[in-house]
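Note that the coordinates shown come from a computational prediction; the quantities given were computed from them, not determined experimentally.
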Amino acid sequence: SQEFIPRTLSPRICEGDCAVLKRGDVFKAVPVLRRRKIIFEKQWFYLDKAIGHAYGTTFEVTSDGNLQPKRKVEEAPTETKEAGTDNRNIVDDGKSQKLTHDDIKALKDKGIKGQEIVQQLIENSTTFRDKTEFAQDKYIKKKRKKYEALITIVKPSTRILSTMYYAREPGKISHLRYDTLAQMLTLGNVRAGNKMVVMETCAGLVLGAVMERMGGYGTIIQMYPGGGPVRAATSCFGFPKHFFNNLHEFPLSKVDSLLCGTLSVETLPSEPEDTTLTEEEMNGLADEKQTSVQGTEEESSAETAMEINQTEEQETMDVNAEDAECKESKERENKENVREKQRKQWERRKKLTETAALLRERNADGLLVASKFHPTPLLLSLLEFVAPSRPFVVYCQYKEPLLECYTKLRERGGVVNLKLSETWLRSYQVLPDRSHPKLTMSGGGGYLLSGITVVLDKGKSDSSNSEALKMEEPSAKRCKVQDLCC
């Protein structure tokens, strides 16, 4: 007898999650929060009623902005069974629909659902029955998209987020298409337990894809330009906290000093400055002296006022005491803020020191580069941290920088199986008796340069550089040169 294995429950929508809204082919990533107004595809609603439902549920937007799960209704309209055989006699003069714009607006104000509005549009159309079956399906699909406010909430993933970014904001991800990103993960051999080096300026999309593929196991080192890493797309994945335990970061500006061996702890960014702290403490002491001087002056003025009125003296002393207490509390808060800032700076510098130690091992299992900068200097410097017999992948929106990078790698050596490729993507419509390529397709998804690292003997390559160039020449050309020399 076989043991019964219970089916795993689908994940539920929880407050604080990052979910993706889907309507047709349009996606939008939003945080799930109560009483927060969401505007998506000209519809406004709240996600309160969606909490607790399973991901992938389709909701209908009500008139008051709430979401309710859409029930499956068996659709068997008699009107769709009557269809014409030809559309040539149908004239689009704008008079075939009896319902006006005001009538449709009145139906919406009454709270009538979108499905009923579509049904009334069909009933009040004078040319619907004369259309062919294909034209009727197209008409119903168009009206449903316009009047039925249906929202599907799905769980974020690499495929969904890459599709969303490529459709809405392709410039932020350097026009990295979703199929090209999938090839990067495959060619880079990204898997759980690896030690990966990632350099990207794609809003954190490539980093999130690597983290999802590794599943929280292994080590990821993100190289970033500027003051800090950008992880806007990474936060949309909604990873648990333990995924970030093995995520490290290191600035590109310190790579050269790390390779040369001149990197020191003092040169790392976010270093706590002792001089600043002492200056702030001195400023605090100066403030205390000023407050004490003010206090003595106020006390002397109070003594003179005592001769006039004793009640006024008591009130003035109470106000001065309150002012002194407020100033003391502010000084304490400032000191606590300085200590907290100093602690955070020490923690950040400690993490950067640990990341530098990981890079010094030079045993990374893979390298992924997808940035807006020129790939040649990036790749030549970052390859030093990759172990031999490991893959590397470089993405660029244009072909010419990768051609230069390809040439430099061939001259340098230390790599094999160099390939420069471009993916051709075309979508197909798959329907009964109507399967064909879609008329619109992507113009280009960028270029990939991939290869595998090998041990590079630097001394030998430097001494015999001419021989290496000679060996790269075709055999026929070498034979001709030898014959001429003889």
Would you confirm whether [X], through its side chain, and [Y], through its main-chain N or O, come within 3.5 Å as a donor-acceptor pair?
| X | Y | value |
| --- | --- | --- |
| T201 | K372 | yes |
| T180 | G445 | yes |
| N417 | G451 | no |
| Y55 | P156 | no |
| T262 | L258 | no |

Evaluate the side-chain proximity of [Y] to [X]: yes if any heavy-atom separation is below 4.5 Å, no if none is.
| X | Y | answer |
| --- | --- | --- |
| L205 | Y178 | no |
| L367 | V394 | no |
| V386 | R362 | no |
| L47 | R36 | no |
| C405 | K408 | no |
| Y447 | Y395 | no |
| R412 | L380 | yes |
| M223 | V255 | yes |

In sequence, state the C-alpha distance, the side-chain angles, and the governing distance for T423 and Q183, and then conclude on side chain to side chain donor-acceptor pair (under 3.5 Å). CA-CA 9 Å; T423 311; Q183 287 202 25; 3.0 Å; yes

Applied to residues 17-31, the salt bridge (charged side-chain N to carboxylate O under 4.0 Å, His left out) test, sequence neighbours excluded, yields none

How would you list all residue pairs meeting salt bridge (charged side-chain N to carboxylate O under 4.0 Å, His left out) that involve residues 179-207, not counting sequence neighbours?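 Only R177-D179, K195-E361 qualify under salt bridge (charged side-chain N to carboxylate O under 4.0 Å, His left out).
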
Parallel, tilted or perpendicular: rings of Y46 and W44 (30°, 60°): perpendicular

side-chain contact (heavy atoms from CB on, under 4.5 Å) for L418 and L409? Distances and angles first, verdict last. CA-CA 9 Å; L418 273 179; L409 287 175; 3.9 Å; yes

Pairs meeting criterion side chain to side chain donor-acceptor pair (under 3.5 Å) with involvement of residues 151-160, two or more places apart: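 Side chain to side chain donor-acceptor pair (under 3.5 Å) check on residues 151-160 returns T58-T152, T158-E212.
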
Nearest heavy-atom pair of [X] and [Y]: which atoms, and what distance?
| X | Y | answer |
| --- | --- | --- |
| P69 | F59 | N-CD2, 3.7 Å |
| F373 | P225 | CE1-CG, 3.6 Å |
| G188 | V393 | N-CG2, 3.5 Å |
| C202 | A370 | SG-O, 3.6 Å |
| F239 | G208 | CZ-O, 3.3 Å |
| A54 | I13 | O-CD1, 4.1 Å |

Between R34 and E15, does any NZ, NE, NH1 or NH2 come within less than 4.0 Å of an OD or OE carboxylate oxygen?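 Yes, E15 and R34 are salt-bridged.
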
Decide, yes or no, whether a salt bridge links E354 with R349 under the criterion of side-chain N to carboxylate O below 4.0 Å. no

Verify whether one side chain among T355 and E249 offers a donor that lies under 3.5 Å from an acceptor in the other.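 Judged by distance alone, the side chains do not pair up.
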
So for atom OH, which belongs to Y217, do other residues, nucleotides or ligands contribute more than 12 heavy atoms lying within a distance under 6.0 Å?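 Not buried by this count: 12 neighbours or fewer within 6.0 Å.
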
In terms of heavy-atom contacts, does CG of L431 have more than 12 from other residues, nucleotides or ligands at under 6.0 Å? yes

Test side-chain contact (heavy atoms from CB on, under 4.5 Å) applied to R213 and V210, step by step: CA-CA 5 Å; R213 180 69 68 93; V210 173; 5.8 Å; no

Once rounded to the nearest 0.5 Å, what's the spacing between atom [atom1] of [X] and atom [atom2] of [Y]?
| X | Y | atom1 | atom2 | answer |
| --- | --- | --- | --- | --- |
| C396 | H374 | SG | NE2 | 7.5 Å |
| L67 | H53 | CG | NE2 | 9.0 Å |
| I38 | I151 | CD1 | CD1 | 11.0 Å |
| L185 | L368 | CG | CG | 7.0 Å |
| L187 | S421 | CG | OG | 6.5 Å |
| H248 | Q222 | NE2 | CD | 12.0 Å |

Passing option when R390 is tested against N189, N363, T453, D365 for side-chain hydrogen bond (donor to acceptor under 3.5 Å, both in side chains):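 Exactly one candidate clears the test, D365.
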
Let's go through L207 and L247 carefully: what are the C-alpha distance in whole Å and the side-chain angles of both, what is the deciding distance for side-chain contact (heavy atoms from CB on, under 4.5 Å) to 0.1 Å, and is it a yes or a no? CA-CA 10 Å; L207 176 64; L247 175 60; 3.8 Å; yes

Walk me through it: do M164 and V26 pass the test side-chain contact (heavy atoms from CB on, under 4.5 Å)? CA-CA 7 Å; M164 179 190 74; V26 183; over 6 Å; no

